[in-house]
Engineer: 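Supplied in structure tokens, the structure appears directly below.
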Amino acid sequence: MAARPKSLRADAARNRDKLLVAATQVFGERGLDAPLEHIARRAGVSIGTLYAHFPTREAFFDAIFPERLAELDRIAAAALADADPWQGFAGYLEGLFALQAKDRGLNDALAQRFPLSPEVAVACHRGMQHVEQIIDRARRSGQLRADFQSADLATLIWAMSQVIRESIDIAPQAWRRCLAFFLDGLRAGAAHPISVPPLTSDNLIDALRH
């Protein structure tokens, strides 16, 4: 739970806590485009009270997602500690997508379907630093194809987030089959030359803006 502002009265602090719990539930169930009115209703407060505490949707994101994204730090640490770099890489992807499958809001946040709020952007940047180490370790082991870049992981996250979004209510485990196909294609032994280069940093930024 995000820290409360120190100056809040007890009743205001309770309302803020109820709003955070409700927002976590509603975003998790419906995604980041869920109506804020639903959050207020779930929390049992007026929409005016909601806006008094969280004047924008992004304010909710800053309060909720840095702590939730911190779970990726644990998954990354386990991946880097794995004696087998390929298993660490595959385990990281499985852990990442399992988190997304449990929470539509987190799925939207990681796919960046909404502009990142400042604190969420910091958490994502920290996560990408871990990812680069995981990828580099698997490449150097000779198990991950040598041309796979962190930008390629970004496009994989976009693809898998859509698979999760569209199938989670019908076949909750369908993403695992899709991931298995992706992982087999990423093994060095299955690699063939690709004539198209990975996205540049500018490409990624432009894509996210659109």
Side-chain angles (χ1 to χ4, degrees), residues 1-77 95-131 154 157-170 172 175 201-202 204-210:
M1 182 72 69
R4 301 174 185 171
K6 293 181 180 179
S7 60
L8 287 182
R9 301 188 316 271
D11 58 338
R14 284 194 297 272
N15 284 338
R16 184 177 186 277
D17 286 347
K18 288 191 294 185
L19 283 164
L20 283 175
V21 170
T24 300
Q25 293 171 348
V26 172
F27 287 147
E29 294 164 4
R30 303 192 54 164
L32 297 187
D33 55 354
L36 297 185
E37 289 82 359
H38 291 193
I39 295 173
R41 190 177 307 124
R42 180 78 62 93
V45 302
S46 69
I47 192 66
T49 297
L50 180 148
Y51 282 119
H53 288 282
F54 300 99
T56 65
R57 189 176 295 267
E58 289 73 21
F60 272 119
F61 300 167
D62 267 345
I64 293 170
F65 286 110
E67 183 176 338
R68 297 179 77 77
L69 288 169
E71 177 67 11
L72 288 177
D73 295 339
R74 183 192 65 76
I75 295 171
L96 166 66
F97 297 132
L99 283 180
Q100 292 180 225
K102 291 177 183 177
D103 187 322
R104 290 178 188 270
L106 188 59
N107 190 41
D108 285 347
L110 288 171
Q112 299 187 24
R113 291 194 176 93
F114 283 75
L116 292 182
S117 58
E119 290 193 32
V120 176
V122 168
C124 286
H125 178 70
R126 184 180 66 246
M128 284 307 297
Q129 292 177 319
H130 294 152
V131 165
I157 290 173
W158 295 341
M160 288 294 294
S161 71
Q162 189 65 21
V163 170
I164 290 168
R165 186 181 179 93
E166 298 300 331
S167 66
I168 198 66
D169 291 331
I170 302 165
W175 65 268
S201 296
D202 289 341
L204 287 171
I205 291 171
D206 289 342
L208 291 173
R209 283 175 179 163
H210 288 290

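For clarity, every value in this text was computed on a predicted model and none was experimentally measured. We're numbering straight along the sequence, starting at 1.
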Engineer: Might you point out which heavy atoms bring Ile168 and Ala101 nearest each other, and give the distance in Å?
Structural biologist: CD1-O, 3.5 Å
Engineer: Taking Thr49 for the side chain and Val45 for the main chain, is one N or O donor matched with an acceptor at less than 3.5 Å?
Structural biologist: no
Engineer: Going from CG on Asn107 to CE on Met160, what distance comes out if it is rounded to the nearest 0.5 angstrom?
Structural biologist: 9.5 Å
Engineer: Check whether any side-chain heavy atom of Arg68 lies under 4.5 Å from a side-chain heavy atom of Ile64, and answer yes or no.
Structural biologist: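 Touching, per the 4.5 Å side-chain cut-off.
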Engineer: Please lay out, stage by stage, how Leu69 and Leu106 fare under the test side chain to side chain contact (heavy atoms under 4.5 Å, CB included).
Structural biologist: CA-CA 8 Å; Leu69 288 169; Leu106 188 59; 3.6 Å; yes
Engineer: Report the C-alpha distance between Arg104 and Asp169 in whole Å, list the side-chain angles of each, state the deciding distance to 0.1 Å, and finish with yes or no for salt bridge (Lys or Arg N to Asp or Glu O under 4.0 Å).
Structural biologist: CA-CA 11 Å; Arg104 290 178 188 270; Asp169 291 331; 2.5 Å; yes
Engineer: Do you know the tightest heavy-atom contact between Phe54 and Ala63?
Structural biologist: CE2-CB, 3.9 Å
Engineer: Looking only at heavy atoms, which two atoms of Val26 and Ala34 are closest? And how far apart?
Structural biologist: CG1-CB, 3.5 Å
Engineer: Any sub-3.5 Å donor-acceptor pair from Asp108's side-chain atoms to Gly31's backbone N or O?
Structural biologist: no
Engineer: Just how far is it from atom OG of Ser167 to atom CD of Gln162, taken to the nearest 0.5 Å?
Structural biologist: 9.5 Å
Engineer: Quick one: list whatever passes salt bridge (charged side-chain N to carboxylate O under 4.0 Å, His left out) with Glu37, sequence neighbours left out.
Structural biologist: none
Engineer: Mind telling me whether Phe27 and Phe60 have parallel, tilted or perpendicular rings, with 30° and 60° as the class edges?
Structural biologist: perpendicular
Engineer: Between atom NE2 of His130 and atom CZ of Arg74, what is the distance when rounded to the nearest 0.5 Å?
Structural biologist: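 The NE2 atom of His130 sits 13.0 Å away from the CZ atom of Arg74.
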Engineer: Under the rule for ring pair (Phe, Tyr, Trp, His ring centres under 6.0 Å), what residues qualify as partners of Phe97, not counting sequence neighbours?
Structural biologist: none
Engineer: Is a side-chain donor-acceptor pair under 3.5 Å present for Gln25 with Glu29?
Structural biologist: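 Glu29 vs Gln25: no donor-acceptor pair found between side chains.
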Engineer: I'd like to know if the side chain of Arg57 reaches the main chain of Leu32, judged simply by a donor and an acceptor atom lying under 3.5 Å from each other, with no hydrogens or angles considered.
Structural biologist: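 Yes, because the side chain of Arg57 sits within donor-acceptor range (under 3.5 Å) of the backbone of Leu32.
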Engineer: I need the minimum non-hydrogen distance between Ala111 and Ser161, along with the two atoms involved.
Structural biologist: CB-OG, 3.3 Å
Engineer: Atom CD1 of Ile75 and atom CD of Glu71: how far apart are they, to the nearest 0.5 Å?
Structural biologist: 5.0 Å
Engineer: Nearest 0.5 Å, please: how far is CD in Glu67 from CG in Asp62?
Structural biologist: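 Answer for the CG-CD pair, Asp62 versus Glu67, is 13.0 Å.
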Engineer: For Leu110 and Ile157, work out which heavy atoms get closest and say how close.
Structural biologist: O-CG2, 3.8 Å
Engineer: Tell me, do Trp175 and Gln100 make a side-chain contact under 4.5 Å, heavy atoms counted?
Structural biologist: no
Engineer: As a quick check of understanding, evaluate side chain to side chain contact (heavy atoms under 4.5 Å, CB included) for Leu72 and Leu96, giving each step before the final call.
Structural biologist: CA-CA 7 Å; Leu72 288 177; Leu96 166 66; 3.7 Å; yes
